[in-house]
Amino acid sequence: MSKLNEQTARAMHRTMCRIRYFEEAASAKYKEGVLPGFIHLSIGQEACAAGVCATLQDSDYITSTHRGHGHCLAKGGDAKRMMAELFAKQAGYSQGRGGSMHIADVAVGMLGANGIVGQSMPLGVGAALTAQVTGSGAVAVAFFGEGASGAGVAHEAMNMASLWRLPLVFFCESNRYAELSPYEIHVPIANVADRAPAYDMPGVTIDGGDAAAVYETMAEAVARARAGQGPSLVEAKTYRWHGHYEGDPEVYKPDGETEAEKARDPIPRFEAVLRESFGVTALDSVHTEEKAAIEDAVTFAEQAADPTPDGLTANVYAPAGGV
Ligand SMILES: Cc1ncc(C[n+]2csc(CCOP(=O)(O)OP(=O)(O)O)c2C)c(N)n1
């Protein structure tokens with residue numbers, strides 16, 4: 001097993017703080033009514049994105065979901081361009097046309113957020129097949145949720161990835177709810193990863209609030225994929241502190257559940273690891289710096305230009321006159 005070292009642990013902690021501050025800022029701006037589209041936040045799930053992406057190289061790929069801000073930031077996406085996209089500004093990743101669920105940065109291997117539940121999995125198959133065919137040595141990670149695990153395409157993707165021994169890791173963020181539905185009313189088994197043997201691949205379920213466990217489990221799965229030994233399924237049990245979308249009244253959550261999860265905040269939990277395993281104590285500056293960087297991103301987005309009407313048909317591929 002690849003043990004976490006201090007340098008990687010510090011970088012992961014910084015990433016977790018960046019994700020937390022980015023999403024808190026997005027939440028605040030959404031409440032102010034200045035973000036035009038839907039946003040789905042992953043506050044509480046930061047250890048997953050940070051731990052997974054810390055095991056990847058720049059040339060590796062990830063495919064993401066509707067809850068993808070953390071994935072993009074952890075893979076090296078630019079917070080300013082992301083925030084500008086949430087504000088529907090021209091400087092955003094999709095020139096303000098797409099919003100939160102249409103953020104991609106191919107240059108850093110982030111192949112896209114995705115509003116179609118489950119589709120990150122076949123897209124991951126495609127990325128891994130590309131790596132296999134070209135012999136590039138790259139690995140792909142497909143993020144998905146336990147809700148997506150019930151989609152037909154999840155079976156197709158895992159079946160093909162296993163048949164072709166693709167360099168791919170399926171990473172399930174099992175965050176208790178799919179929209180408003182608790183796990184047990186749509187998944188008939190205790191763990192999504194228990195399905196892995198049916199695809200002849202290793203499957204493991206871990207605590208998704210434990211960033212070190214995410215890193216160490218993923219390091220092994222990624223090494224296996226890179227060595228040509230095929231795909232794995234990793235399920236991280238985690239929890240989203242906010243609603244399915246911002247504005248969700250969350251009536252389906254039992255009283256006290258979110259508060260209990262907040263008491264197990266993955267960021268201070270990982271700070272304890274940094275202290276106890278590596279003797280790192282001065283972590284306040286990381287919070288200060290990352291918070292300031294996100295404030296800069298918000299200012300950038302607020303001051304950025306709106307798209308102009310003359311760009312209305314740019315990147316529109318339907319034939320002139322319609323179909
Ligand atoms: C193909 C498809 N079906 C249904 C939806 C509506 N939908 C949006 S998110 C969601 C739940 C997804 O749950 P999960 O995969 O567990 O991800 P989470 O939201 O928990 O991160 C559903 C059903 C959709 N966007 N796409």
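Every value quoted in this text rests on a predicted model; they were computed, and no experiment measured them. Both ligands and their constituent atoms are indexed starting at 1 by order of listing.
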Participant: Look at Lys291 together with Asp296 and state whether they make a salt bridge at an N to O cut-off of under 4.0 Å.
Facilitator: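 No salt bridge links Lys291 with Asp296.
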Participant: Using a threshold of 4.0 angstrom between heavy atoms of the protein and any atom of ligand 1, which residues qualify?
Facilitator: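 Residue list for ligand 1: His66, Arg67, Gly115, Ile116, Val117, Gly145, Glu146, Gly147, Ala148, Asn175, Tyr177, Ala178, Glu179, His244.
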Participant: Under the ring pair (Phe, Tyr, Trp, His ring centres under 6.0 Å) rule, collect the residues that match up with His244, sequence neighbours excluded.
Facilitator: His40, His66
Participant: Distance only, no hydrogens: is a donor on one side chain within 3.5 Å (strictly under) of an acceptor on the other, for Thr258 and Tyr239?
Facilitator: yes
Participant: Under 6.0 Å between ring centres: does that hold for Tyr177 and Tyr183?
Facilitator: no
Participant: Taking Asp248 first and then Lys253, would you say they form a salt bridge - that is, a charged N and a carboxylate O separated by under 4.0 Å?
Facilitator: no
Participant: Taking the side chain as every heavy atom from C-beta outward, state whether Trp164 and Leu168 have any pair of such atoms under 4.5 Å apart.
Facilitator: no
